[in-house]
Structures are given as C-alpha cells and as structure tokens.
Amino acid sequence: MYLQFRDDVEDALTSALEALDLPTDDLGVEDPPEGVDAVLASSAAFRLAGEVGAPPPQVAGQIADEIDAGAYELVEAASAQGPYVNFVPSDAYYEETAEEAQRADFGHLEPTGEEVVVEHTSANPTGPVHVGRARNPIVGDAVARVLSFAGHDVDTHYYVNDAGRQMAVFTWAYETFDEADLDSEPERDKADYDLVRYYRKGNDFLENADPDEVEEAEDEIQAIMQGLEEGDEETYQRVQEVVDTVLGGMRESLDRLPAEFDEFVKETRFLRDGSADDVVTRLKELDEAVYEEDAWQLDLDEYGIEKNFVFLRSDGTTLYATRDLAHHEWKFDNYDRAVTVLGEDHKLQARQMNASLDLLGNDTDQLRQVIYSYVNLPEGKMSTRAGTGIDLDDLLDEAIDRAREEVETRLDDRIRDDDLTDEDVERIAEQVGIGAVRYDIVSKQPTKAITFEWDRALDFEAQSAPYVQYVHARCCGILEEAGITPDGSSDLAGDFDASLLETEAERELLEVVARFPAVIEEAAEDLEPHVVATYTREIAETFNTFYRECPVLADDVDEDLRDARLALVAASKHAVGNALQVLGVAAPRSM
RNA sequence: GGGCGUGUGGCCUAGUGGAUUAGGGCAGGAGGUUCCUAACCUCCUGACCGCGGGUUCGAAUCCCGUCACGCCCGCCA
C-alpha cells in the first residue's frame, strides 16, 4: 500500500500545484524523519518560495489548503508543518497494508516482462575461491534476487575464462608436472585444491626456472593459445579438462553460500562460433581503428579514454576484452538488459568495453556495472597464484563452528524448554554462520573497501544476520504457538480487524512493514542490495519494540486484538523473511 | 605523474542537498527475564562528518584545493 499511497500523494500534490499555477516537476516527496507523525512529506515549498514570493512555511500552508484529502482513499490528511507538507495515511492504508502483507510473496513487485542477465563472480578457474573475491558472488547473487523480486525475469551467468593465457599456463602445467613434482598436499580433498598446486607450480617454474626451459614451456603455452584461437578440437578438450575440473570444485564452494548459476558461459564459445572474429572485422572498419606496432587498436579518445584499446595482438590472436565484446553482443541479443558485477580493478576495462560496444552500434544503456572494492587482509591482498588469502571454505567452516558453539552455549541457559535435536543445532549453526558471513558483506556499500578480520566478520551480536534472523524465529515461534504453521504457502492469519492496532508500537511496525515493496523497488532501481540489509535492521528493531510492549498470546489479551496482532506478526514474518531471502540469508524457523 | 573510488566518535557502519543540534552497532558504564525464545530491551559516556576554502535560504551530501588510503594506467585476465 505504500507505493499506492505514494501515488496518491504525488497525485494530490500535482493537482494542488496546478491549481496554484505552480510548476509540478519537483514534488519533493520524501520520508519524514523519526518522530514526525506522517508517512510521506513534501519539501517542495522550499523551492517554490522564490516563485511565489512568500516564505516556505506559507507556501506549504497554501499547498496543504489546496489538497482535498477526502478525494484519496489512502490519505487521511495533508497538513503544513513548517516548510513541509505532511501526509498522514488513512485507516484504510493500515488495514490494506496488513491485508497485503498476509501473502507469503509480500514484497514481490508486478512482473515487468523484462529479461535481465546478471553476470557475476566469473572468477578464472585457477583455484579455490578465496575471500578476496567472495564479495562478487554474495553481492551478485543478491543483485539477481533483488531484480527478480522487482518483477524481472532474471538469469544468472558465470562467464568462464577458458581461453586466456592463464588457462593455457594451467593446462601446460597440469600436463607437464607430476604429483611428485609438487611440494605440498592439497589443503582439501577437492578438485580445485588439488589442481591449484599445478597452477602454482607452473607459475613458479616460469618465474624461476632456467631460461631455456622457460622458453620451451612458453612455446607449448603459445601453442595451446593458438590452438584455442583456431578452434582446434584436441586443444580445446585438453583445456576443458582442467577448466571443468577446477570449476567443479569452485562451484561446490559457491553453492554453500549459496550462489548458484543458470548458465556457465564459456569464453571459447565466442571463438568457436566466429563471433569474436566478426567483432574484430567490424572494429577494423571503424574510423577509430588504428594499426600500430603490428597490433590493431581502437582510439577511444572521444570517450575520454587516453589509452588505446588493443583488440588484436600482433600474432593475430584476440584478447580477453575482444572476446568479451562478442560475449556482450550475445547478451544484448538474448536479453533486454545486462548487469555485470565487477571488482574495482576492472573499471577501466568496463569503460573501454562500453565505448567499444557503442562504436559497434549497440545500445549501451542496456548494460550496467556494479563495482565493488576488494576484500583485503590486514597484511595485504589475497592471491590465488601466490597462495595468500583465506579460502571461502575455511571462512564458512569457521563461521559454522563459531555459530555452533554459540547455539550450544545458549542451549544451557535458555528459558524455554524446547528441545533442540542435534539436527536442529547443526541447521541453526549453518544458517547463522553462513548468514552472518553473507550479511556482513552484503550490508555494506560495495564501493567501500573491506579489510578482513575474523572477529569482525563473525560477530553475531546486534546489527548482524543473527539479530535479524532471531526476529524471524520469534515471529515463527509466536505463530506456531498460536497453531499456525508458517510454511509460507497457506494464509497465515484468519479474519482480523487491523483497526485494533492502535498503539504506537503497532502502528510503527505496520508502517515499516508497508515500506518493504518500496525498498525492493529502490534496491532494484539502484542495484544496491545493501539498502535491503539496512531495512532488515530497521524492521527487526521495530519488531523488537512491538514484541516487548505488545503481548500477542497472553491470557489477558482480548481475542480480537490477539487476532489482529497475530496478523501483524505474520506480516512482519513475511517482510523480514522475504527481505532475508533477497539477501540470500537463511530465515530460520527457530534458533 | 594521470584517472577513478573511499575518508562519519577508540573500532565498524547508515545517511550523498532539506525537519540532522549526524542515525545505528561494537567496545566501556548502569539497569531489565514469575510474562509469546535475553542471539533481546532500556538508560549513560563518546563525532567541530579527513583538512581548508566556496556555492546555497539550507552542505556530511554540490564545487575548488589539499592530505591519507585503495584500485587502475599490459599485445594479462
């Protein structure tokens, strides 16, 4: 109802301004601060003061006087308060919000019919996923979920770099060295941990071995790259064996988050189907194309990019960026919009690609990038090749261990005599542990750098996943106690009269619940899932106040009030649970 | 050197032009459970929003300068 209420408010403001013969392009509709008794407000009077020739409060008064609140079902009153026009919603607003939020899919926006592809993670299949890159799957998965909630048809893609020099090096190393040549055991019994040792060994060899031997190796690596470029089937199969094996291991780790993909799109696909060649041909024909130092380049000066963009090497092979152009044109052919989640180090390439796609005649408005900063260790960067860094698996294991300890500690001094089975404890430990990791990362603005510290990442206190999850569990606890099974499918509450929810705590909770669809809308529009995390904190806080002040199932609570409060609990459960779902954080029924 | 990004109490963080004399959390201090889960709640202590100018009726938010940190400036990915 919040979105409808906002429509009403905008409509009322527009009519009023028109009646006063004032411009309607800037309505200034905003959320009033805490403590103001209104759900929406307009600050338009500030800007109109000059035109009217009167101080803002007076202009606000005129606007408020001009508004006929009675004409709108959801608007109770519009009144000037200083320079603001405040809008108080009607009882119908609260009642319809409570009704709307009974649906298990509360927060989903109307289907848009728009097909969107979200590409994220796309880490080179060189070894285990480490925490430095973990922001990508976590943010990317949340972005995809947000867009899906906002009504788009979303596909998630992992772009697999299986055609570059790194994979040629890896394939050569894997075929060249034996287990006996390696100086360590795999850190885990998993394909990516096993094979990364060859990759590290290969790189170490190329850096430190005898120059003649290195040259020989380089020839073999070069042969692999040429083979891929020419679409040689045997070379392709050799590389695929390494790629698929390592990727398989990485997927297992990513699945734990969970970050799952609809499709793994391989780079070699665009070499094999000729589209990369096609891109090269078309680029060469551009006025901006230059042939310098035996290589084909693009002069992107007109896009404010000084550096020339090399799209064809002197040996005639394409580069990653060239293939990525073909990849993106393929996305444009198959989707209405494309979103890519990228580390900040890819920012320049993203600009180059946008410019190049534009020159090739594409509508680059279809493409948006979400940029995030890397997670570093206090002592510096994480690197797969160097073997420095925290593996995602280790972080998740540690998180679950700490969460399990926490559950067991609380088991001893808990008041309620529910009996958690060992399975419950394990389930809670996983939900809380992994949830805490995801939440910690997704709740921060992606542009901010994160320095990884165990204790900070795994803090289960307030403003963390468990704090929010606990509210969800509390909701479920109350509903179950009342004989309602919160399984998400059936209608949770029966008949109820929302007008009985009169206390401040109840009203505020209902107001926060009401905003959830608008939060989804905003997060999807700006591709900022962290605003959903901010929202979960708000609703959790508001719910806890309600929980303290408004008993639901106590004996002295009137039956009708009890039903109304149960409906409010169900509404809160849907808002919190669905918000957590958008963030990819589990919503436990008990904890 | 150039470009981009970030800078909010001891630590982490929201807010990126309007009701803010900056909102939370952690840490520190004081309380709260005969009552639907205390992974909770209440109260206290603590910030000239990196620094200096400017624009504006109004600036953490915009502009200029400056400092610090991060990232980028490969015929790597």
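Quantities reported herein were computed from a predicted structural model and do not represent experimental measurements. Per chain, numbering begins at 1; letters A, B, ... match sequence-line order. FYI, side chains are in, hydrogens and waters are out, and symmetry mates aren't considered; it's all heavy atoms of this structure.
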- prompt: What nucleic acid atoms does A/Ala41 come within less than 4.0 Å of, heavy atoms only: base, sugar-phosphate, or nothing?
  reply: base

Please tabulate, one pair per line, all N/O donor-acceptor pairs under 3.5 Å involving side-chain atoms of residues 315-323 of chain A, not counting sequence neighbours.
residue  : atom : partner  : partner atom : Å
A/Asp315 : OD1  : A/Thr317 : N            : 2.9
A/Asp315 : OD1  : A/Thr317 : OG1          : 2.7
A/Asp315 : OD2  : A/Gln222 : NE2          : 3.1
A/Thr317 : OG1  : A/Arg313 : NH1          : 2.9
A/Thr318 : OG1  : A/Glu229 : OE1          : 3.3
A/Thr318 : OG1  : A/Glu229 : OE2          : 3.0
A/Thr318 : OG1  : A/Arg323 : NE           : 3.2
A/Thr322 : OG1  : A/Phe311 : O            : 2.8
A/Thr322 : OG1  : A/Leu319 : N            : 3.3
A/Thr322 : OG1  : A/Leu319 : O            : 3.4
A/Arg323 : NH1  : A/Glu267 : OE2          : 2.2
A/Arg323 : NH2  : A/Thr318 : O            : 2.9

- request: Could you tell me whether A/Ala554 contacts a base, only the sugar-phosphate backbone, or nothing, with contacts defined as non-hydrogen atoms closer than 4.0 Å?
  value: nothing

field: Distance, C1' atom - from B/C57 to B/A68, rounded to whole angstrom
entry: 35 Å

- prompt: Rounded to the Å, how far apart are A/Lys448 NZ and B/C12 C1'?
  reply: 10 Å

task: Might you point out which heavy atoms bring A/Ile539 and A/Ser572 nearest each other, and give the distance in Å?
output: CD1-O, 4.4 Å

C1'-based separation of B/G50 from B/G31 [nearest Å]: 38 Å

query: Do other residues, nucleotides or ligands put more than 12 heavy atoms under 6.0 Å from A/Glu538 CD?
result: yes

- prompt: Between A/Ser42 and A/Glu30, do the side chains contain an N or O donor and an N or O acceptor separated by less than 3.5 Å?
  reply: no

query: Can you give one letter per nucleotide of nucleotides 68-73 of chain B, going 5' to 3': B for a protein heavy atom under 4.0 Å from the base, S for sugar-phosphate only, - for none?
result: --BSSS

field: Partner nucleotide, any strand, of B/G28 [Watson-Crick/G-U, under 3.5 Å]
entry: B/C44

- prompt: Which comes earlier along RNA chain B counting from the 5' end, the contact point of A/Thr318 or that of A/Tyr470, where each point is its nearest nucleotide?
  reply: A/Tyr470

Contacts under 3.5 Å, N or O only, protein and nucleotides 41-44 of chain B:
residue : atom : partner  : partner atom : Å
B/C41   : OP1  : A/Tyr467 : OH           : 2.8
B/C41   : O3'  : A/Arg548 : NH1          : 3.2
B/C41   : O2'  : A/Arg548 : NE           : 3.3
B/C41   : O2'  : A/Arg548 : NH1          : 2.8

